[in-house]
2 protein chains.
Amino acid sequence: MMNNVGDFLKTNGIKPSYQRIKIYEYLMNTKDHPTVESIYSALNGQIPTLSKTTVYNTLKIFIDKGIAMAITIDDNEVRFDAFIDTHGHFKCQECHRVYDFHVNFEGAIGDQLDDFQILEQQMFFYGICRSCNEKS
Amino acid sequence: MMNNVGDFLKTNGIKPSYQRIKIYEYLMNTKDHPTVESIYSALNGQIPTLSKTTVYNTLKIFIDKGIAMAITIDDNEVRFDAFIDTHGHFKCQECHRVYDFHVNFEGAIGDQLDDFQILEQQMFFYGICRSCNEKS
DNA sequence: TTATCAGTTTGTAATGATTACAAACTAAAA
DNA sequence: TTTTAGTTTGTAATCATTACAAACTGATAA
């Protein structure tokens, strides 16, 4: 049986080392937009020699190759996401969870930036999520 | 003649010290979304004793009181803006300038977050601006 | 005027995420 | 087996931000 994630990395010009496969798998399977810290902690059990520098390097490669994106929704923690189709993020200021939502970027800005070459789009909302609203 | 900025700060519950007035004036008159570093450098001539800590403290107060906003369009530099009506920002990856544009947030997301309490909205675009496009 | 007091400013030290760098390691090719 | 390019690792350096305590300011009360 062949390794799907390994092939996927190869297709995107990334040599599929054990660490890179594990990090990408974690990113794919974890929907809560993990930070470098949480990726490192989660994988340190399986890969005891893992270095935090490797996590930084690997995520940088993923972003350069376009298979992951950085989400700087908070200035003191960069989060990462393997879902790269443009979508928005809502951060709850109570429980700190980050929710995804769909965005129609074209309708939001019209033709204001027609002469600009847009390479990346981010939309961040902040507030109180439904679940926290119901509690209070 | 009375000091408009001082009165404005007072109206918003901020004691109008010399430093606070100067920092707010600079923020108002500077349209390029300055960083703490650039605010500090710009004012250090007029206020030789100015401390960078004061700039940090003052901006935090402005944000808490709702008369300025932080723009984390880049993870290694927080920028500040005295125009607090919600609008989007485009960052040119060539010249690093940050442009403002108007955003229709409602149209962009529909009713997906109807049970969420939205307190702040940010839209960040990244790419090459018109002026840099024309050069190449 | 002087004393008091709360709030503001300042400089230094601490924090903590990220980056730089060089050595150790790996795996494939020669 | 040797070589080589690329990868991983750990430590040290960097740099923005925060913590903290001392010095300062300006208003109020005695």
Side-chain angles (χ1 to χ4, degrees), chain A residues 3 5-7 9-10 12-27 33-65 67-80 96, chain B residues 3 5-7 9-10 12-27 33-65 67-80 96:
Chain A
N3 183 333
V5 171
D7 289 344
L9 294 180
K10 238 183 285 180
N12 284 279
I14 301 167
K15 197 165 165 183
S17 74
Y18 181 67
Q19 287 86 340
R20 290 172 179 174
I21 290 172
K22 287 298 174 190
I23 292 171
Y24 189 78
E25 280 177 349
Y26 184 76
L27 212 51
H33 312 88
T35 62
V36 166
E37 186 59 39
S38 60
I39 296 170
Y40 173 77
S41 303
L43 296 180
N44 207 19
Q46 294 175 61
I47 317 172
T49 64
L50 184 65
S51 162
K52 214 175 275 186
T53 301
T54 300
V55 179
Y56 277 105
N57 289 340
T58 301
L59 290 168
K60 186 188 272 284
I61 291 172
F62 288 174
I63 289 168
D64 286 349
K65 298 295 184 178
I67 65 167
M69 63 190 300
I71 303 166
T72 58
I73 197 167
D74 208 303
D75 40 318
N76 58 345
E77 54 170 22
V78 181
R79 289 158 173 267
F80 296 88
H96 306 298
Chain B
N3 182 334
V5 171
D7 289 344
L9 293 180
K10 237 183 284 180
N12 285 279
I14 300 168
K15 198 166 167 182
S17 73
Y18 182 67
Q19 287 87 337
R20 290 171 179 175
I21 290 172
K22 287 297 174 190
I23 292 172
Y24 189 78
E25 279 176 349
Y26 184 76
L27 213 50
H33 312 88
T35 62
V36 165
E37 185 59 40
S38 61
I39 296 170
Y40 174 76
S41 305
L43 296 180
N44 206 20
Q46 293 177 60
I47 318 171
T49 64
L50 184 64
S51 162
K52 213 174 277 185
T53 302
T54 300
V55 181
Y56 278 104
N57 289 341
T58 302
L59 290 169
K60 185 188 273 282
I61 291 172
F62 289 174
I63 290 169
D64 286 349
K65 298 294 186 181
I67 65 168
M69 64 190 299
I71 303 166
T72 59
I73 197 167
D74 208 301
D75 39 318
N76 58 345
E77 53 170 24
V78 181
R79 289 159 172 268
F80 296 88
H96 306 299

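In what follows, chains carry the letters A, B, and so on, assigned in the order in which the sequence lines appear, proteins first and then strands, with residues in each chain numbered from 1. Values reported hereafter were calculated over all heavy atoms of this structure, with side chains retained and with hydrogens, waters and symmetry mates removed.
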For the CG atom of B:Leu43 and the NZ atom of B:Lys22, what is their distance to the nearest 0.5 Å? 8.5 Å
Rounded to the nearest 0.5 Å, what's the gap from CD on A:Glu77 to CD1 on A:Ile71? Could you check?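 Rounded to the nearest 0.5 Å, the CD-CD1 separation comes out at 10.5 Å.
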Could you state the atom-to-atom distance from [atom1] of [X] to [atom2] of [N] in whole Å?
X: A:Leu9; N: D:dT7; atom1: CG; atom2: C1'; value: 14 Å
X: B:Lys22; N: C:dT9; atom1: NZ; atom2: P; value: 14 Å
X: A:Lys60; N: D:dT8; atom1: NZ; atom2: P; value: 15 Å
X: B:Leu50; N: C:dG11; atom1: CG; atom2: P; value: 9 Å
X: B:Lys10; N: C:dT8; atom1: NZ; atom2: P; value: 14 Å
X: B:Asn44; N: C:dG11; atom1: CG; atom2: C1'; value: 13 Å
X: B:Leu43; N: C:dT9; atom1: CG; atom2: P; value: 13 Å
X: A:Tyr40; N: D:dT9; atom1: OH; atom2: C1'; value: 10 Å

Do [X] and [Y] have side-chain heavy atoms sitting under 4.5 Å apart?
X: A:Asp7; Y: A:Lys10; result: yes
X: A:Leu27; Y: A:Ile67; result: no
X: A:Ile61; Y: A:Arg20; result: yes
X: A:Asn12; Y: A:Phe62; result: no

By the 4.0 Å heavy-atom rule, please label B:Ser17 as base, sugar-phosphate, or nothing.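 The answer is sugar-phosphate, as B:Ser17 gets under 4.0 Å only of primed atoms, P, OP1 or OP2.
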Walk along nucleotides 20-30 of chain C from 5' to 3' and tag each nucleotide B, S or - by protein heavy-atom contact under 4.0 Å, base first, then sugar-phosphate. BB---------
Any side-chain to backbone donor/acceptor pair from B:Arg79 onto B:Ile73? Under 3.5 Å, distance only.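 It does not hold such a pair.
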Is there a donor-acceptor pair under 3.5 Å between the side chain of A:Thr58 and the backbone N or O of A:Val55?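 Such a contact is absent between A:Thr58 side chain and A:Val55 backbone.
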Testing the basics here: between B:Val78 and B:Ala70, what is the closest heavy-atom pair and its distance to 0.1 Å? CG1-CB, 4.0 Å
Polar atom pairs (N or O), protein with nucleotides 14-18 of chain C, under 3.5 Å:
| unit_1 | atom_1 | unit_2 | atom_2 | d |
| --- | --- | --- | --- | --- |
| C:dT18 | OP2 | A:Tyr56 | OH | 2.6 |
| C:dT18 | O5' | A:Tyr56 | OH | 3.3 |

Looking at D:dT25, I'd like to know if its phosphate oxygens (OP1 or OP2) sit under 4.0 Å from a side-chain N or O belonging to B:Gln19.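 So the side chain of B:Gln19 is outside the cut-off, no N or O lying under 4.0 Å from OP1 or OP2 of D:dT25.
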